[in-house]
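Working notes, structure below.
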Amino acid sequence: RIQPHIFSDMEVHQLMDEAGRLPPAGGLRPRTYVVLFGLLASTGIRIGEAVGLKRQDVDLDRGVLRIVGSKFKKSRFVVLHPTTCAELRAYRSFRDLYPCPPRDPSAFFLSERGKPLKRKMAEFTFCGISRRLGWNETGGRGHPRLYDFRHTFACRRIWLWYRDGVDVEHAMASLSTYMGHGTLRDTYWYLTGLPELMQIAAARFEQFANSPQEAVP
């Protein structure tokens, strides 16, 4: 597998600031990309899942997304943070009042012309911003991709669990379901995404190996 790029908080802010400067100033396009990138960073959903969202899939009263028929033909619900709900609600109001009528009112994310946002266009726009930010010159790390928001989300969640002393073995099953993975093995692969995770996991194992074990009768 390609070694993922793990986004720092500063990089996420840089990306969203640059997305907000996309032309036309004050238009739907910059607003769409700011909210799209923020959603990817805060939920870890796949880019294809994000651009495929329909209006009825975004339940901001309950604070959940409904991901329908994604990878492995699975559907699931994704819980949203209140700040993410607020941004999605503001975006929905903005796009509904935008002078260009939506050509597909069922789609949640729209282009400047009111068409449903396409994955290839989102990736093209992200690559352009990455070049302007100089992210393609990252030394030994891989070039950032939109999919790396998913890696970043999972790595940070696992790291926080380790930091807070959570039973990671038990929690990983919940994370696997949340992210829509086909197998738990796919979720465990994220342990390789951050050196800090590997160090913590190794230290935990060493602590377990060196602890007194109860004799088996």
Side-chain angles (χ1 to χ4, degrees), residues 5 7 11-133 135-136 143-153 179-180:
H5 177 96
F7 290 103
E11 287 175 326
V12 173
H13 288 305
Q14 288 176 334
L15 175 68
M16 295 178 69
D17 287 345
E18 196 67 26
R21 299 187 184 97
L22 291 169
L28 181 59
R29 181 171 178 250
R31 184 69 67 93
T32 292
Y33 282 108
V34 168
V35 177
L36 175 66
F37 296 154
L39 181 65
L40 295 177
S42 64
T43 63
I45 64 175
R46 301 175 177 94
I47 177 58
E49 294 171 343
V51 298
L53 286 170
K54 303 295 184 184
R55 282 186 68 103
Q56 64 266 24
D57 298 329
V58 184
D59 187 344
L60 299 179
D61 293 327
R62 295 172 57 203
V64 296
L65 300 180
R66 184 179 65 167
I67 308 297
V68 181
S70 185
K71 194 174 182 180
F72 309 113
K73 305 300 180 183
K74 288 186 173 184
S75 296
R76 69 189 192 282
F77 289 99
V78 172
V79 179
L80 300 171
H81 191 274
T83 57
T84 304
C85 285
E87 293 298 325
L88 291 173
R89 186 175 286 109
Y91 172 76
R92 185 176 63 186
S93 297
F94 183 87
R95 52 149 282 182
D96 288 348
L97 295 174
Y98 198 66
C100 178
R103 300 188 186 183
D104 182 358
S106 69
F108 190 80
F109 285 111
L110 298 176
S111 69
E112 183 68 23
R113 296 183 179 181
K115 295 182 178 180
L117 192 66
K118 300 297 184 183
R119 174 175 177 168
K120 286 186 177 181
M121 183 52 65
E123 291 173 339
F124 177 81
T125 301
F126 173 79
C127 287
I129 294 176
S130 295
R131 285 193 295 270
R132 289 196 292 277
L133 291 172
W135 286 358
N136 289 343
H143 292 175
R145 305 165 299 163
L146 279 179
Y147 196 82
D148 290 333
F149 278 115
R150 187 166 168 82
H151 293 274
T152 302
F153 176 87
M179 302 194 73

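What you are looking at is a predicted structure, and each value in this text was computed from that prediction instead of being measured.
Counting only distance, with no hydrogens or angles, the side chain of Arg46 and the backbone of Gly180 share a donor-acceptor pair below 3.5 Å. The backbone N or O of Met179 lies less than 3.5 Å from a partner atom in the side chain of Arg150, making a donor-acceptor pair. Without hydrogens or angle criteria, Arg29 side chain to Pro23 main chain gives a donor-acceptor distance under 3.5 Å. With Ser130 contributing its side chain and Trp135 its backbone, the two residues share no donor-acceptor pair below 3.5 Å. Side-chain atoms of Thr43 come within 3.5 Å of backbone atoms of Leu39 as a donor-acceptor pair (strictly under, hydrogens ignored).
Residues Cys100 and Glu112 form no side-chain contact, since every pair of their non-hydrogen atoms from C-beta on lies 4.5 Å or further apart. Counting heavy atoms from C-beta outward, Ile67 and Asp57 have side chains that stay 4.5 Å or more apart. Counting only heavy atoms from C-beta outward, the side chains of Leu110 and Tyr91 approach each other to under 4.5 Å. At least one side-chain heavy atom of Met121 sits less than 4.5 Å from a side-chain heavy atom of Thr125. With contacts defined as side-chain heavy-atom distances shorter than 4.5 Å, the pair Leu117/Tyr33 qualifies.
Ile47 and Ala122 get closest at one heavy-atom pair: CD1-CB, 4.2 Å. For Pro30 against Pro24, the heavy-atom pair with the smallest separation is CG-O, 3.5 Å. Residue Ser111 comes nearest to Leu28 through the heavy atom pair O-CD2, 3.2 Å, listed as atom of the first residue, atom of the second, then distance. When every heavy atom of Thr84 is checked against every heavy atom of Ser42, the shortest pair comes out as OG1-OG, 3.3 Å. The minimum heavy-atom distance between Val68 and Ser75, with the atom names listed, is CA-OG, 3.4 Å.
Relative to the ring axis of Phe94, Arg31 places its NZ or CZ within 45° and under 6.0 Å from the centre.
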ask   = Please walk me through it: do Leu88 and Phe108 pass side chain to side chain contact (heavy atoms under 4.5 Å, CB included)?
value = CA-CA 9 Å; Leu88 291 173; Phe108 190 80; 3.8 Å; yes

Criterion side chain to side chain contact (heavy atoms under 4.5 Å, CB included) on Val64 and Leu80, from CA distance to verdict = CA-CA 5 Å; Val64 296; Leu80 300 171; 5.8 Å; no

request  = Kindly indicate, with the supporting measurements, whether the criterion side chain to side chain contact (heavy atoms under 4.5 Å, CB included) is fulfilled by Gln56 and Arg66.
outcome  = CA-CA 8 Å; Gln56 64 266 24; Arg66 184 179 65 167; 3.8 Å; yes

query = Can you list the steps and then say if Val12 with Met16 is a side chain to side chain contact (heavy atoms under 4.5 Å, CB included)?
reply = CA-CA 6 Å; Val12 173; Met16 295 178 69; 4.0 Å; yes

message = Working note: Phe149 + His151, criterion ring pair (Phe, Tyr, Trp, His ring centres under 6.0 Å); need CA distance, chi angles, decisive distance, verdict.
response = CA-CA 5 Å; Phe149 278 115; His151 293 274; over 10 Å; no

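Partners of Phe153 by ring-ring contact (aromatic ring centres under 6.0 Å, His included), not counting sequence neighbours, listed by chain and number: Tyr178. Every residue was checked against the side chain to side chain donor-acceptor pair (under 3.5 Å) condition with Arg89, not counting sequence neighbours, and none meets it. For Arg131, there are no side chain to side chain donor-acceptor pair (under 3.5 Å) partners two or more places apart in sequence or in a different chain. Arg92 pairs by the side chain to side chain donor-acceptor pair (under 3.5 Å) definition with nothing, not counting sequence neighbours. With sequence neighbours left out, Arg62 forms a side chain to side chain donor-acceptor pair (under 3.5 Å) with no residue at all.
Salt bridge status for Arg55 with Asp104: absent, with no side-chain N to carboxylate O gap under 4.0 Å. Using a cutoff of 4.0 Å between basic side-chain nitrogens and carboxylate oxygens, Arg76 and Glu49 are scored as salt-bridged.
A distance of 5.5 Å separates CG in Leu53 from CD1 in Ile45, rounded to the nearest 0.5 Å. Between the OG1 atom in Thr152 and the CZ atom in Phe7 there is a gap of 5.5 Å [rounded to 0.5 Å].
Evaluation of the side chain to side chain donor-acceptor pair (under 3.5 Å) test over residues 13-24, restricted to residues two or more places apart or in two chains, returns Glu18-Arg21, Glu18-Arg132.
Atom NZ of Lys54 sits in a crowded spot, with more than 12 heavy atoms from other residues, nucleotides or ligands closer than 6.0 Å.
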